[in-house]
Amino acid sequence: MTGQRAAGEPYTTRFETEVTSIDGREVWLETSYFYGESGGQPADRGTIGGIEVADVQYDDGEHVHVLAEEPSFRVGNRVLCSIDWSFRMYCMRAHTASHVLYGAGRRLLEDLGYGGFDISEEKVRVDLETSTEIDDETLLELDTLVNRVVWESRPVTWDDIPVADARERDDIAFNEATEEGAFRKGRLRIVTIGSEDDNGTVNGLRRDGGSRDLWDVAACGGTHVRNTREVGPVTVLNRSNPGKGLTRVELAVGPRAIDRRETEKRVALSSRRALGVPLEDVGDELARLEGERDELAAEVRSLRRELVETDLERAEPFERDGREWVATTVADVDVNEAGEIASAAAGDVADVVVIAGDAGSPYAVVAADGSCSAEAVIDDLTDEFGGGGGGSTALAKAGGFDATPAEVVASLKE
């Protein structure tokens with residue numbers, strides 16, 4: 001089983017063993033407690049015979065230790081091996097945290113499946129297969145459940161069972177494609193995060209009065225802590241969609257989780273000061289201000305529309321092709337809003353209404369009452385000023401002109 005000794009005895013970080021083979025910087029040992037990169041967990045760091053270990057991989061089930069330089073020791077020598085405890089413990093905490101998160105997902109998400117995970121020094125990502133949309137509220141619920149389980153000091157155990165038995169159990173989460181290292185000779189290594197009563201802290205009954213509630217049982221070949229309290233601080237960071245049917249949830253463990261909490265706390269306190277309300281009322285106050293902002297924006301749009309309508313009514317009509325036209329320029333009006341105004345004015349203010357503006361680049365909208373084609377007018381404008389657009393007989397739009405809005409209007413009056 002991949003990383004069998006490391007996974008089975010994760011707290012072993014110093015050992016002495018015999019060198020069995022050397023090929024340049026690659027070294028094989030009689031016994032190894034180093035964890036090799038597998039299943040999303042990075043390889044252990046450390047030293048062999050005082051030489052830094054740059055990488056650990058697996059080849060046909062054997063550890064291949066890649067050293068930073070060629071060793072001075074020889075085959076048959078006994079060497080002292082030291083695993084970087086700080087990094088090993090971080091990986092143990094991070095890997096266990098991913099199981100805690102999956103257990104939280106079991107309780108909050110529908111049709112949950114496991115899509116893989118990855119540990120980096122900055123964060124841990126867990127890919128979930130679920131039909132549930134993980135919005136901000138769900139993300140907060142996941143964060144709360146994860147930290148509650150850490151606080152509850154639930155035991156973490158590992159064992160191996162026949163694969164056939166595992167396939168018959170609905171409570172075991174495993175993905176054969178991502179957990180290859182958990183399989184060995186017809187047996188499957190499982191990691192269990194137990195119920196609270198395993199520590200004697202509560203009675204362990206579910207809220208519905210049912211049987212003892214194990215938090216999570218999953219196939220896994222990685223290293224883990226013995227108790228969830230050893231995971232330490234955890235902060236759920238974000239979610240994204242890495243592929244069809246997958247939602248990626250990211251979390252930080254340890255100092256980076258603390259740093260993120262500090263950032264979030266600073267933002268919350270700053271918002272409280274700026275809004276002048278208690279922290280618990282910040283959300284409501286922001287919602288109120290957002291409502292006011294939307295009302296003001298709607299009022300501004302209404303006033304802007306009235307202004308454009310007034311400009312059209314005051315504009316001096318001109319005759320073109322036997323029809324009455326009006327044309328005006330506008331500011332701070334986007335092309336869609338201009339189209340709505342022009343359509344409402346066509347046939348009322350004039351037979352043909354043209355509004356030219358600049359929303360990133362010069363544009364024009366043309367609305368007609370049916371006596372001529374708005375699209376034909378737009379075609380004439382793009383022939384003269386470049387750009388592109390289109391529409392229908394009643395309404396057409398174009399943009400990207402090599403001319404100012406005033407030049408577009410002036411060209412129509414010539």
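All values below come from the heavy atoms of this structure, side chains included, with hydrogens, waters and symmetry mates left out. Residues take their numbers from the sequence shown, with the count starting at 1. No experiment lies behind these values; they were computed from the predicted model shown.
Salt bridge present: Asp143 and Arg261 bring a charged side-chain N and a carboxylate O closer than 4.0 Å. Electrostatic pairing of Glu292 and Arg288 counts as a salt bridge here, judged by a charged N lying under 4.0 Å from a carboxylate O. Contact check on Glu262 versus Arg266 returns a salt bridge, with a Lys/Arg side-chain nitrogen under 4.0 Å from an Asp/Glu carboxylate oxygen. Residues Glu290 and Arg293 are paired through a salt bridge, judged by an N-O separation under 4.0 Å between the basic side chain and the carboxylate.
Screening residues 332-353 for side-chain hydrogen bond (donor to acceptor under 3.5 Å, both in side chains) gives Arg304-Glu337, Arg305-Glu340, Asn336-Lys397 as the qualifying pairs, with residues at least two apart or on separate chains. Within the structure, side-chain hydrogen bond (donor to acceptor under 3.5 Å, both in side chains) pairs that include any residue of residues 378-389 do not occur (at least two apart or interchain).
Phe34 and His63 have their aromatic ring centers separated by at least 6.0 angstrom.
For the residue pair Asp369/Ser371, the side-chain donor-acceptor check at 3.5 Å is satisfied.
Under a cutoff of 6.0 Å and an axis angle of 45°, Arg125 and Phe117 do not form a cation-pi pair.
Here the shortest heavy-atom pairing between Trp158 and Gly8 reads NE1-O, 3.3 Å.
Using a 30° and 60° split on the angle between ring planes, Trp85 and Tyr11 fall in the tilted class, from 30° to 60°. Relative orientation of the His95 and His224 rings is tilted, given thresholds of 30° and 60° on the angle between their planes.
Under the rule for a salt bridge (Lys or Arg N to Asp or Glu O under 4.0 Å), Glu62 has no partner lying at least two apart in sequence or in another chain.
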